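Below is one structure, written out as structure tokens, with a few remarks after it.
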Protein chains: 2
Amino acid sequence: MKTSFSYEGIKKKGYKVTRQREIILDILRKANVHLSADEIYIKAKSRSPGIGLTTIYRTLEMLYNLGYVNKYDFGEGRARYELNDTMVETCKHHHHLVCLRCNRVIDYTDFVPQETELITKTISGISRKYGFKVQTHIIQFYGICKECQKRKNKNGRL
Amino acid sequence: MKTSFSYEGIKKKGYKVTRQREIILDILRKANVHLSADEIYIKAKSRSPGIGLTTIYRTLEMLYNLGYVNKYDFGEGRARYELNDTMVETCKHHHHLVCLRCNRVIDYTDFVPQETELITKTISGISRKYGFKVQTHIIQFYGICKECQKRKNKNGRL
DNA sequence: TTGAAAATGAAAACCAGTTTCAGTTACGAG
DNA sequence: CTCGTAACTGAAACTGGTTTTCATTTTCAA
């Protein structure tokens with residue numbers, strides 16, 4: 001099953017499986033939104049009050065380096081994380097629409113069939129031309145969401 | 001010419017054209033790499049020693065809000081900026097290859113002809129489905145660059 | 001069981017970016 | 001041209017996310 005798989009992966013790399021890491025991984029597994037380190041901290045704290053924020057950061061970094069979590073910057077001044085699709089089957093590959101005004105993030109999953117093909121082609125082109133070994137990619141669209149378009153902002157700028 | 005165009009755009013929005021803003025805009029115009037606020041500060045300081053870091057941040061934010069500069073996060077914990085292609089004709093639309101090991105950023109400009117078409121199609125789909133008005137987009141590929149692939153890292157991790 | 005390597009938590013440090021505020025500047029109205 | 005005011009500026013203090021340090025605890029292979 002998936003659970004033991006991830007732990008095995010962690011062990012195999014020489015990392016130890018600790019109670020804290022199990023909790024953090026479980027929180028990520030159950031989350032269906034992008035969590036910040038602090039949000040994970042709050043959730044983890046309710047299960048294991050002694051846990052430290054430092055551990056959250058260290059674990060997230062480890063998981064990121066292992067390729068088990070994706071790390072995003074949506075322009076809020078802090079990172080957000082989610083389990084990679086290789087870890088959770090419910091988490092389908094997706095991209096993001098980021099609202100420049102309210103910072104809301106919409107997951108975008110409606111790919112035209114061409115996309116996968118084009119990305120695959122691009123990745124192999126990148127490998128050939130630059131010798132660059134692509135692990136992941138992100139595509140983010142920045143703009144103004146539906147709600148913010150209605151709302152006029154006061155100073156007329158932006 | 002381009003120069004007066006940008007200044008006019010700034011004036012038109014109710015912002016003032018100051019010596020500091022001219023310097024910062026000029027630095028961005030001459031840069032052919034993505035600069036951090038601090039790097040811009042150093043360069044600006046050599047031309048106008050009195051300039052403050054605060055002003056750099058404020059100007060970059062203004063230019064970003066006006067859509068004159070692009071703001072990127074390459075996972076270093078600080079933002080990097082570059083003039084938008086609408087401002088400088090030499091700065092062609094491009095994407096990035098970010099090396100997860102050495103943080104090097106390679107500009108990627110070799111688009112397959114399909115790409116523009118696909119992106120356009122996707123943007124109109126996003127607009128239709130989510131009512132989201134796309135202003136810009138970024139596509140970034142993360143992986144290991146040629147040089148880092150040769151270099152084996154000590155602990156065998158990563 | 002055990003010992004060494006790895007992981008932990010608390011506190012302090014770090015650092016990019018923001019806010020505050022008093023003084024300065026741009027620039028359009030007159 | 002000059003004047004008034006809204007916009008801008010720089011210094012310093014502050015904020016808040018993330019990292020480092022270090023003494024203690026835990027994991028797990030031998």
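Model, not experiment: these values are computed from the prediction.
Atom P of nucleotide D:dT9 and atom OH of B:Tyr41 are separated by 14 Å, given to the nearest angstrom. Look at NZ on A:Lys13: it is 14 Å from P on C:dA7, rounded to the nearest Å. Computed from coordinates, the A:Glu39 CD to D:dT18 P distance equals 11 Å when rounded to whole Å. In this structure, the CD1 atom of A:Ile51 is 14 Å from the P atom of C:dA7, given to the nearest Å.
Comparing the axis of the opening five pairs of the helix from C:dT1-D:dA30 to C:dG30-D:dC1 with that of the closing five pairs yields an angle of 40°, rounded to 10°.
Residue A:Gln20 has no polar side-chain atom (N or O) positioned under 4.0 Å from OP1 or OP2 of D:dT26.
Taking CG from A:Asp38 and CD1 from A:Ile42, the interatomic distance works out to 5.0 Å, rounded to the nearest 0.5 Å.
Residues B:Tyr142 and B:Leu100 approach most closely at CD2-CD2, 3.8 Å, considering heavy atoms.
Judged by the 6.0 Å distance and 45° axis criteria, A:Lys71 is positioned over the aromatic ring of A:Tyr64.
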Exercise. How far apart are the C-alpha atoms of A:Arg47 and A:Asp26, what are their side-chain angles, what is the distance that settles it, and do they pass the salt bridge (charged side-chain N to carboxylate O under 4.0 Å, His left out) test?
Worked result: CA-CA 11 Å; A:Arg47 282 214 237 165; A:Asp26 188 58; 2.5 Å; yes
Exercise. How does protein contact run along nucleotides 16-27 of chain C, one letter per nucleotide 5' to 3', with B for base contact, S for sugar-phosphate only, - for none, heavy atoms under 4.0 Å?
Worked result: SBBBB-----BS
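In this structure, the ring of B:His34 has its center less than 6.0 angstrom from the ring center of B:Tyr72.
Formation of a donor-acceptor pair under 3.5 Å by the A:Thr55 side chain with backbone atoms of A:Ile51 is not found in this model.
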